[in-house]
Amino acid sequence: MIDAKMEKAFNDQINAEFYSEYLYLSMKAYFADLNLNGFVNWFDVQVQEEHAHGMGMFDYLIERGGRVELQAIAKPETNWASPLECFKQVLEHEQYVTSRINALMDVADEVKDRAALSFLNWYLKEQVEEESTVGNVLSTLKLIGEDKHALLMLDKELATRTFVQPVIG
Ligand code: FEO
């Protein structure tokens with residue numbers, strides 16, 4: 001049986017993952033409005049990844065005999081000043097998620113839940129990858145500046161990203 005504090009921490013993180021899905025869905029809509037369809041594709045993959053992250057914890061909590069209690073998902077922002085400003089927020093958000101996974105691991109440490117620690121290692125590695133991927137797009141956007149042609153080249157590149165269902169845990 002899972003510790004009550006651990007169970008609560010997992011439920012809060014399930015909410016944070018589904019909020020991430022919602023935030024990226026909002027960003028997808030922002031880029032659709034700009035007719036940047038490569039960015040739309042990139043966020044579509046991001047949305048699916050966040051859904052998988054949330055469901056991974058959802059299924060794990062049930063597997064551990066815990067009780068999933070879904071919470072309200074906050075309203076995300078719906079507009080950004082530019083693609084660059086939007087990606088700055090993506091990176092900040094991913095850094096925030098990384099800090100949350102670390103805090104979740106602190107709880108697992110505190111209640112000596114080694115199985116949860118082992119499970120959460122996957123999320124920690126995933127965060128390293130996420131921050132790196134987002135950081136690369138952000139760096140490119142900084143280089144692009146006001147160059148519309150270069151922005152369209154990046155859009156073409158982002159159109160090639162594909163979703164691969166992750167094997168979590
Ligand atoms: Fe689920 Fe982007 O972290």
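Atoms within each ligand, like the ligands themselves, are counted from 1 in listed order. None of these values were measured; they are calculated from a predicted model.
Of all heavy-atom pairs between Leu84 and Lys142, the closest is CD1-CG, 3.7 Å. Contact record, Met27 with Trp80: CG-CH2, 3.5 Å, taken as the closest heavy-atom pair.
Residue contact annotation: Glu94 places an N/O/S atom under 2.8 Å from atom 2 (Fe) of ligand 1.
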Determine, stepwise, if the pair Gln13 / Glu17 fulfils side chain to side chain donor-acceptor pair (under 3.5 Å).
CA-CA 6 Å; Gln13 189 58 28; Glu17 298 292 346; 3.0 Å; yes
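The angle that His53 ND1 and Glu17 OE1 make at atom 1 (Fe) of ligand 1, rounded to 10°, works out to 100°.
The minimum distance between atom 2 (Fe) of ligand 1 and any N, O or S atom of Glu50 involves atom OE2. The N, O or S atom of Glu130 with the smallest distance to atom 2 (Fe) of ligand 1 is OE1.
Between Phe39 and Phe87, the ring-plane angle classifies as perpendicular under the 30° and 60° cut-offs.
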